[in-house]
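Just so you know, residue 1 is the first one in the sequence shown, and it goes up from there.
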Amino acid sequence: MNTPTLHEHHGRWPQATTLDDFRHNLAAVRARIAAACQRVGRDPASVRLLPVSKTKGEATIRLAYAAGCREFGENKPQEAYRKWEAMADLTDLRWSVIGHLQTNKAKLVARCAAEFQALDSLRVAEALDRRLQAEGRALDVLVQVNTSGEASKYGLSPADAAAFLHALPAFAALRVRGLMTLAILSAEPARVRRCFVLLRDLRDRLRAAAPDGIALDELSMGMSGDYEIAIEEGATVVRVGQAIFGARATPDSDYWPAGAEPR
């Protein structure tokens with residue numbers, strides 16, 4: 001396959017500051033999504049583009065909204081909640097929390113998020129479920145799996161995923177939709193691809209024996225530097241920030257466990 005060189009665009013993402021910038025960037029990302037789908041015979045409509053707006057201010061996000069974005073991904077629950085409150089006038093906007101959640105922040109996610117993509121512990125499941133029941137609402141969730149084997153990454157080990165899924169029907173407010181992963185940060189496409197293949201194969205095995213009410217249709221994998229490979233391996237959601245918004249000034253270490261690699 002003629003996959004573009006991994007991370008070939010890193011360091012070349014100018015800041016999107018105008019409506020035209022966002023329209024151009026979104027069109028470019030969608031064209032690359034379509035090309036990746038074409039390489040493997042997929043329908044581009046089967047891939048959801050989740051623009052990642054972490055560290056970006058309200059005015060910038062409103063420009064992206066004006067360019068057509070109707071959902072945004074945020075790593076930090078506090079940041080997602082703050083933006084949700086500030087932009088409540090945009091009634092068709094959905095917020096997806098895609099970063100690690102501590103139980104004491106569950107109430108923020110239960111209030112503002114339409115989706116939570118980083119579920120990896122029963123303590124968090126219990127806290128979220130309790131808060132959601134109090135809010136009288138349910139939440140789409142994805143289970144995060146650590147496919148790279150790096151100690152610096154959050155997520156369940158693949159070996160623990162089946163038992164974890166079988167415990168989730170106890171939490172009635174959580175609608176399990178699929179799996180999420182972060183690939184290894186590597187300039188070698190083959191190493192990155194292995195992470196995505198592992199998640200897809202794991203999903204296929206788990207789906208055969210999933211409990212009632214647990215859906216595993218979604219595979220959230222791929223970011224600005226590797227989303228085309230992820231699509232080739234079956235991603236249904238790609239989380240793209242810098243290729244839409246421009247390079248982030250905030251170091252990625254702000255969003256990772258201690259000692260983690262940047263992304």
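Residue Arg70 places its CZ atom among more than 12 non-hydrogen atoms of other residues, nucleotides or ligands, all under 6.0 Å distant. Heavy-atom contacts from other residues, nucleotides or ligands closer than 6.0 Å to NE2 of His24 number 12 or fewer.
The side-chain contact (heavy atoms from CB on, under 4.5 Å) test with Leu119 singles out one residue from Leu168, Leu101, Leu142, and that residue is Leu168. Exactly one residue among Asp226, Leu199, Val238 makes a side-chain contact (heavy atoms from CB on, under 4.5 Å) with Met221. That residue is Leu199.
At distances below 3.5 Å, at least one donor-acceptor pair connects side-chain atoms of Arg203 with backbone N or O atoms of Leu216. A donor-acceptor pair is defined here as one N or O able to donate and one able to accept, closer than 3.5 Å; such a pair exists between the side chain of Arg42 and the backbone of Ile231. Under a 3.5 Å cut-off, the side chain of Lys83 and the backbone N or O of Ile61 do not form any donor-acceptor pair. Asp129 places a side-chain N or O within donor-acceptor distance of the main-chain N or O of Ala172, the cut-off being under 3.5 Å. One N or O on the side chain of Gln15 and one on the backbone of Ala247 form a donor-acceptor pair closer than 3.5 Å. The backbone N or O of Arg191 lies less than 3.5 Å from no partner atom in the side chain of Ser186, so there is not a single donor-acceptor pair. Without hydrogens or angle criteria, Ser121 side chain to Val124 main chain gives a donor-acceptor distance under 3.5 Å. The backbone N or O of Val141 sits nowhere less than 3.5 Å from a side-chain atom of Arg175 that would complete a donor-acceptor pair. No side-chain donor-acceptor contact under 3.5 Å links Arg131 to the backbone of Arg111. A distance-only check finds a donor-acceptor pair linking the side chain of Thr236 to the backbone of Leu219 [under 3.5 Å].
Looking at Glu232 and Arg39, a side-chain N of the basic residue comes within less than 4.0 Å of a carboxylate O on the acidic one, giving a salt bridge. In summary, Asp89 and Arg62 engage in a salt bridge, as defined by a charged side-chain N under 4.0 Å from a carboxylate O. Comment: Arg200 engages Glu233 in a salt bridge, judged by a side-chain N to carboxylate O separation of less than 4.0 angstrom. Salt bridge status for Glu71 with Arg48: present, with a side-chain N to carboxylate O gap under 4.0 Å.
To the nearest 0.5 Å, atoms OH (Tyr154) and CE (Met180) are separated by 12.0 Å. Here the CG-CD distance, from Leu179 to Gln144, works out to 10.5 Å after rounding to the nearest 0.5 Å. Between the CG atom in Leu49 and the CZ atom in Arg239 there is a gap of 12.0 Å [rounded to 0.5 Å]. Rounded to the nearest 0.5 angstrom, Ile98 CD1 and Met223 CE are separated by 8.5 Å. Note: Leu108 CG to Glu85 CD = 9.0 Å, rounded to the nearest 0.5 Å. To the nearest 0.5 Å, atoms CG (Leu26) and CD1 (Ile244) are separated by 5.0 Å.
Taken together through direct or relayed side-chain contacts under 4.5 Å among Ile, Leu, Val, Met, Phe, Trp and Tyr, Phe171 and Phe116 form part of one hydrophobic cluster. Placement of Leu182 and Leu198 in two distinct hydrophobic clusters is found when ILVMFWY residues are connected by side-chain heavy-atom separations under 4.5 Å, directly or transitively. Both Ile184 and Ile229 sit in one connected hydrophobic cluster of ILVMFWY residues. Membership requires side-chain heavy atoms under 4.5 Å apart, directly or through other members. Grouping the Ile, Leu, Val, Met, Phe, Trp and Tyr side chains by contacts below 4.5 angstrom, directly or via other members, places Leu206 with Phe164.
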Trp84 vs Leu93, test: side-chain contact (heavy atoms from CB on, under 4.5 Å). Steps then yes/no. CA-CA 9 Å; Trp84 170 75; Leu93 190 53; over 6 Å; no
Under the side-chain contact (heavy atoms from CB on, under 4.5 Å) criterion, do Asp92 and Tyr65 qualify, and how do the steps go? CA-CA 10 Å; Asp92 58 345; Tyr65 178 90; 2.5 Å; yes
For side-chain contact (heavy atoms from CB on, under 4.5 Å), just list the numbers for Leu50 and Gln117, CA-CA rounded to whole Å, side-chain angles, deciding distance to a tenth of an Å, and then say yes or no. CA-CA 11 Å; Leu50 176 61; Gln117 290 203 8; 3.6 Å; yes
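Between Phe245 and Asn25, the closest side-chain pair of non-hydrogen atoms is not below 4.5 Å. Contact annotation: the side chain of Lys76 never approaches that of Lys54 to less than 4.5 Å [non-hydrogen atoms, C-beta and beyond]. In this structure, Tyr227 and Arg32 have side chains that are in contact, with non-hydrogen atoms separated by less than 4.5 Å. Between Trp95 and Ser53 there is a side-chain heavy-atom pair separated by less than 4.5 Å. For the pair Asp120 and His100, the minimum side-chain heavy-atom distance is below 4.5 Å.
When all heavy atoms of Ala67 and Leu19 are compared, the pair lying nearest together is N-CD1, 3.5 Å. Closest of all the heavy-atom pairs between Arg137 and Ala114 is NH2-CA, 4.2 Å. Taking all atoms of both residues into account, the shortest heavy-atom contact from Ala173 to Gln133 is N-NE2, 4.0 Å. The minimum heavy-atom distance between Ala110 and Glu135, with the atom names listed, is O-CG, 4.0 Å. Taking all atoms of both residues into account, the shortest heavy-atom contact from Leu139 to Ala113 is CD1-O, 3.2 Å. Of all heavy-atom pairs between Pro158 and Asn146, the closest is CD-O, 3.4 Å.
Within the cation-pi definition used here (under 6.0 Å to the ring centroid, within 45° of the axis), Arg94 does not qualify as a partner of Phe72.
Side chains of Asp160 and Ser157: a donor-acceptor N/O pair is present below 3.5 angstrom, by distance only.
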